[in-house]
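Everything on this sheet refers to the single structure shown next.
Just so we're clear, the structure is a prediction, and the values are computed from it rather than from any experiment. Numbering of ligands and ligand atoms starts at 1, following listing order. What's counted below: heavy atoms across the whole structure, side chains too, no hydrogens, waters or symmetry copies.
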Amino acid sequence: MSKNLVTGYPRIGEHRELKFALESFWGGKSDFQAVEDVAKSLRAKAWITQKNAGVDIISSNDFSYYDQMLDTMILVGAVPARFKSIDDKTAKYFAMARGYENGVAMAMRKWFNTNYHYIIPELTGDEVFKLDSTKVINEYKEAAALGIKTKINLISPITFLALSVTTDGSDQFLLFDKLLRVYEELFIQIGKLDDEIIVQLDDAIFAIDIEPKLLSLIKPCYDRLCNVSSNIKVIATTYFEHSNEATKVLVLTQIWGLGLDFVAGAKNIESLEEIAKSDKVLAAGVINGRNVWKNDILKTKELLEKISTTISKERLIVSTSCSLLHVPYSLENEDKLDNTIKDSLSFANEKLNELTITSRIFFGISNDEDDEKLKENGASINKLKNSKLIHNEAVQDRVNKISKWSRDGEFDERIVLQKAKLGYPDLATTTIGSFPQTPELRITRRDFKNGKISHEEYEVFIKNYIRETIAIQERIGLDVLVHGEPERNDMVEYFGELLDGFAFSSNGWVQSYGARCVKPPLLYGDVSREVPMTLQWILYAQSLTSKIVKGMLTGPVTMINWSFVREDIPRSEVATQIALALADEIDDLQSNGIKIIQVDEAAFKEGYPLRDENRASYEKWAVDSFKLSVSSAYKETQIHTHMCYSEFNDIIHTIEDMDADVITIETAKSGNSLLKIFKKVGYTKEVGPGVYDIHSPRIPTVEEIKTQITLLLEVLPKEQLWINPDCGLKTRKWEEVIPSLENMVKAAISFR
Ligand code: GLN
Ligand code: ZN
């Protein structure tokens, strides 16, 4: 009997080998064979690493050249018309992901509440599916050739359809039967691979509040697939939340087992009775696949013991809570981290060991070495818990004594003071903060970091950039200027590096989409600000112009949502600590003459919980911490915030509660349709709806921007509107930015 299972393993490579191979191929510097060679060795390494760690159930088909949803489209032959004429399989695959001359790339969306992005299937009402099982079958055989019998991972047909869109607006679930037939065909082939084979169907959609209609698909879906071959044992797997509604139905199907997340979905515990009554096996996801801190093995064992009071041990498998895709590979290459911090971390490979040790201990088959490891585990967890590194009494003291959670004055009063003091016109023009990050800029920042150039040289370079950026903005005639953020590599990392409580790995990369990876900061301890973080640069920029320069900060919610956050205290408390640091920064800025300060909350919406039942508590700490961040602002200091999206319909009241004087948002692609909600709820604060899309190199014409402004004016009066691009300009080139902004200013002026 198998004792433990890994839901899925990362695939980009410990040193991002797949990324570099892909980029070289895309750049025409190598052929696809080179990518395949790298991929093959990565897969082999993944399987062997897991086997050597003592993992019993290891996955195949968890590898992907780009994305597992894209792979599923190829698997079932759901290829949008614009790519159908491409004969070459590889070219077609990457054209779907990245676009080609005759067709734009398919859109992406966040994979539930992770920072991974999947490609959204585009289906038509009369989609004709056609099985291509090559990848699935080949990967299984490849592992088998190495002596490793794998479980095959597949996206379930229900989740696949639920995450799809239809181009003709028809109901994608009308395709359910057709799609299921393709899966049945696939199962016939899989059934022939071996006498006994596990298929994991990922049904992550069950972790959200789903409609009854979806629940009604479970029985036909799983029963039909389970009936295909007696050689196949199906395990239905969900993660990121509880899936109690679906579990009730799943236990009535012919599946072999269920994989549930007991870390992010602690409420799954409520389903244990039901599972116990059935004959299903339970893969209990207790090793956190979403965070990077060491698992407390004793605590996990207690949880497993608790589960086993309802479900007998014979039917239990110890599992990761979700795929390990969401954590970096290994701590092996981390030699710059503080030892205590490093010792409290666990990346994918370390998690494999946690999993196998936990399962041996739980099942009573541990050896001396395991018992030793268990002691070490407890010791490292206690060491960090009690370490001065994470506890800062001054910070805790301050948090406990907060008496002022928001700024002085109501908006109505503030805005009168602000307009009088700042004197900006209606339809005031501004930008979101960053200006082009040129290759020289990136090189200079890196050289400074590596000690290749001196502090003085670095400062001269950055100041030059700021001086030019200010001059350019003055020439263009923008009303509110920015310094351009040349000192920032990333809007979270920059602040994390200056704040106490954050650490940075050297190699802790996590796939974001395709070949793109991010290296989230490690937020391990109490956060405090030792010195001003932005003051020097903003003041320098302000000294160069008589126009207003807007200070630029990243908000607490975004810092948290884009980091790996400690778990020993609630997120609300971490957010409070960050907010206090930001409040100090704002105070420094305004007392030195900065009149407008923007606090970016780019990731505010993406941090929303998957389940409605958890929304209120998220909104509470998110709004509270934002308001606390700006609580130091004088009434006449104008606070802006920026968010990178435009769908505010369901969160508009929360946005109002944040009480920012001005919010800039991304609306260029949606005309004025998404702005209407602001009018509908009688939003009185000022709004800067982006008037052109910065994600494209295209230069918008004056006329186009005028059309966009006309649309905006249909919804909100000019006194309430600001004119700005959709987002920061860091990914654009100066040749694109300057004429675009010139046109934007001309368009705005024509309405005054
Ligand atoms: N101020 C940031 C910038 O302009 C905001 C970035 C963002 O919203 N993602 O780059
Ligand atoms: Zn943005």
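- Atom CD of E457 sits about 10.5 Å away from atom CZ of F448, to the nearest 0.5 Å.
- Shown here is K620, whose NZ atom has no more than 12 heavy atoms of other residues, nucleotides or ligands within 6.0 Å.
- Between W722 and H640, the ring planes lie perpendicular to each other; the angle is over 60°, past the 30° to 60° tilted range.
- Listed by number with element, the atoms of ligand 1 under 4.0 Å from a non-hydrogen atom of S434 are 3 (C), 4 (O), 10 (O).
- For the pair T431 and N724, the minimum side-chain heavy-atom distance is 4.5 Å or more.
- Ring centers of W509 and Y329: at least 6.0 Å apart, outside the cut-off.
- Of all N/O/S atoms in H642, NE2 sits nearest the Zn ion (ligand 2).
- Residue E485 has at least one N or O atom closer than 3.5 Å to an N or O atom of ligand 1.
- Any N or O atom pair closer than 3.5 Å counts here, and I432 shares at least one such pair with ligand 1.
- Considering backbone and side-chain N/O of H642, one or more are found under 3.5 Å from N/O of ligand 1.
- Within the listing of ligand 1, atoms 6 (C), 7 (C), 9 (N) sit less than 4.0 angstrom from a heavy atom of M491.
- Within the 3.5 Å criterion, the main-chain N or O of L582 finds no donor-acceptor partner in the side chain of R529.
- For the pair R571 and W621, the cation-pi test (distance below 6.0 Å, angle within 45°) is failed.
- For atom 9 (N) of ligand 1, the nearest non-hydrogen atom from the set C644, G728, A603 comes from C644.
- Under 4.0 angstrom from ligand 1, the non-hydrogen atoms of M552 all belong to its side chain.
- Near D600, meaning under 4.0 Å from any of its heavy atoms, are these atoms of ligand 1: 1 (N), 2 (C), 5 (C).
- Geometry note: the Zn ion (ligand 2) is the vertex, C727 SG and C644 SG are the arms, and the angle is 120° (rounded to 10 degrees).
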